[in-house]
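Just below is one structure, and these are the notes that go with it.
Numbering of ligands and ligand atoms starts at 1, following listing order. In this text, all values refer to a predicted model and were calculated from it rather than measured experimentally.
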Amino acid sequence: MSKKVLLKINNITKSYQGTPPIHALKGVNLDIYEGEVLSLLGVNGAGKTTLSSIISTLHPPTSGDILFQNKSIYDDVISFRKIIGMSPQKPNIDEMLTIKENLLFAGRYFNVSENIIKQRCFDLMKKFELLKYADAKGSILSGGYKQRFILARTLMHNPKLVILDEPTVALDPHIRRNLWDTIKQLKHEGITVLLTTHYLEEAEALSDRVCILDKGVIKLTDTPENLKASYSKSNLEDVFIKLLQEEKEETPHDV
Ligand code: ATP
């Protein structure tokens, strides 16, 4: 695995106003390496979606910075967005447009040249078995096909970093495994993948490293192999459960 840093996340915090305010991220430091699959893990509310949304520039952080090629991404957000492909937790498809129109629109949004857009649109529809739906409205797709479409759209502008927020929720096992193959292929092509998932077997099968978030801070970041060895467990799910138990023992009054 290449150890070249793609993104340097420096002391990111995020607080949501309210009474009381919610401190969703409390100083996150993380290097994301080029070409790795890095999974963000954590219980509900740990801050995973907040962090991936900040990295994909959907939200600004409250403080801290993210460096790409040693420069703050906030110096030129538009250029940075061209290297990011974001697949959100809920498929946000324009249901008035056909699948093909949706993909063409995504390519034009990123200012890709018209010839390349058309070729990529065809290649991605083929890859994700969407050709039969090319002229169908987005509204008729099943959940699994919507997810395939979202992935195709995420890749239209050939991003360097693909951010997948719980991409396999509610997919049948066959489509889930297809998506795993796609993630492995992205890695093979040198694309960096930031994956948020609650499926520990998925994280174990796909990740070079996992990053466990807990109440807005990074509890640990390591390879699945190292974690299993350190905690003497045969799988990542058991490591995760053990960590949760340790956490409960440390904070017995926390509900
Ligand atoms: P899940 O696994 O349930 O998707 P998560 O780890 O992705 O959870 P976040 O969605 O990032 O967690 O939420 C982190 C914290 O920030 C939670 O306490 C949540 O209630 C809070 N939060 C998230 N979005 C907002 C918002 N728009 N306004 C206020 N609070 C928010």
Side-chain angles (χ1 to χ4, degrees), residues 7 9-30 32 37-66 73-74 77 84-93 143-144 146-147 150-151 154 161-171 176 179-180 183 192-207 209-222 224 227 235-248 250-251 253-255:
L7 280 191
I9 296 165
N10 281 345
N11 212 14
I12 288 286
T13 71
K14 179 73 179 180
S15 299
Y16 294 104
Q17 288 183 351
T19 321
I22 293 173
H23 303 295
L25 297 175
K26 301 172 188 159
V28 167
N29 291 291
L30 178 66
I32 301 178
V37 177
L38 174 64
S39 291
L40 284 182
L41 309 178
V43 297
N44 294 129
K48 305 177 298 295
T49 295
T50 302
L51 182 57
S52 54
S53 303
I54 289 173
I55 296 170
S56 55
T57 73
L58 290 177
H59 304 297
T62 303
S63 65
D65 204 355
I66 299 179
I73 62 169
Y74 303 107
V77 167
I84 301 282
M86 171 66 174
S87 164
Q89 216 172 79
K90 289 190 189 135
N92 57 346
I93 178 166
K146 273 193 179 139
Q147 205 63 53
I150 293 291
L151 234 110
T154 302
L161 171 62
V162 171
I163 299 173
L164 306 173
D165 193 353
E166 298 190 32
T168 59
V169 166
L171 295 187
R176 172 172 299 165
L179 213 125
W180 287 18
I183 292 173
T192 308
V193 179
L194 182 65
L195 171 71
T196 297
T197 181
H198 283 292
Y199 299 114
L200 279 301
E201 94 279 13
E202 178 166 293
E204 186 171 342
L206 297 173
S207 314
R209 293 188 304 152
V210 298
C211 171
I212 301 184
L213 270 172
D214 181 40
K215 299 187 194 110
V217 295
I218 291 181
K219 198 164 169 98
L220 49 84
T221 308
D222 211 336
L227 287 173
N235 62 63
L236 197 58
E237 185 153 320
D238 286 345
V239 172
F240 191 75
I241 301 291
K242 171 101 173 118
L243 280 163
L244 286 183
Q245 277 166 352
E246 281 181 7
E247 176 67 23
K248 275 196 185 140
E250 281 164 23
T251 53
H253 301 298
D254 198 19
V255 284

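- When only non-hydrogen protein atoms are considered, atom 20 (O) of ligand 1 lies nearest to I22 CD1, 4.4 Å.
- For the pair P167 and T196, the tightest heavy-atom approach, listed with the atom from each and the gap, is CD-O, 3.6 Å.
- Atom CD1 of residue I163 and atom OG1 of residue T49 lie 11.5 Å apart, to the nearest 0.5 angstrom.
- The shortest contact between atom 3 (O) of ligand 1 and any protein heavy atom is with N44 ND2, 2.9 Å.
- Of all protein heavy atoms, the one closest to atom 12 (O) of ligand 1 is G47 N, 3.2 Å.
- The parts of T50 lying near ligand 1 are both backbone and side chain, judged by heavy-atom distances below 4.0 Å.
- Nearest protein heavy-atom neighbour of atom 10 (O) of ligand 1: T49 CB, 3.8 Å.
- Considering all non-hydrogen atoms of both residues, V210 and P224 come closest at CG1-CG, 4.3 Å.
- By the criterion of a heavy-atom distance under 4.0 Å, the backbone of V43, and not its side chain, is placed next to ligand 1.
- Side-chain contact annotation: T13 with T62, donor-acceptor N/O pair under 3.5 Å absent.
- No side-chain heavy atom of L227 sits under 4.5 Å from any side-chain heavy atom of L243.
- Proximity of Q17 to ligand 1 is not established, as no heavy-atom distance is less than 4.0 Å.
- Separation of atoms CD (Q89) and CG (D165) is listed at 4.5 Å; rounding is to 0.5 Å.
- Below 3.5 Å of separation, one finds no N or O of A24 facing any N or O of ligand 1.
- D238 has its side chain out of reach of K242: every pair of non-hydrogen atoms, C-beta onward, lies at least 4.5 Å apart.
- Within 4.0 Å of atom 29 (C) of ligand 1, at least one protein heavy atom is present.
- When hydrogens are left out, the protein atom nearest atom 8 (O) of ligand 1 is G45 N, 2.8 Å; that is the closest non-hydrogen contact.
- Below 3.5 Å of separation, one finds an N or O of A46 facing an N or O of ligand 1.
- Every atom of ligand 1 is numbered from 1 in the order shown, and the set under 4.0 Å from a heavy atom of H198 is 2 (O).
- Not a single heavy atom of K14 sits less than 4.0 Å from an atom of ligand 1.
- The shortest heavy-atom contact between H198 and G42 is CE1-O, 3.3 Å.
- Looking only at side-chain heavy atoms (C-beta outward), K215 and K26 come within less than 4.5 Å of each other.
- The distance from ligand 1 to the heavy atoms of Q89 drops below 4.0 Å at these ligand atoms: 4 (O).
- In terms of protein heavy-atom proximity, atom 23 (C) of ligand 1 is closest to Y16 CE1, 3.5 Å.
- Considering all non-hydrogen atoms of both residues, I55 and L161 come closest at CG2-CD2, 4.1 Å.
- Residue, atom and distance of the protein heavy atom nearest to atom 6 (O) of ligand 1 are K48 NZ, 2.7 Å.
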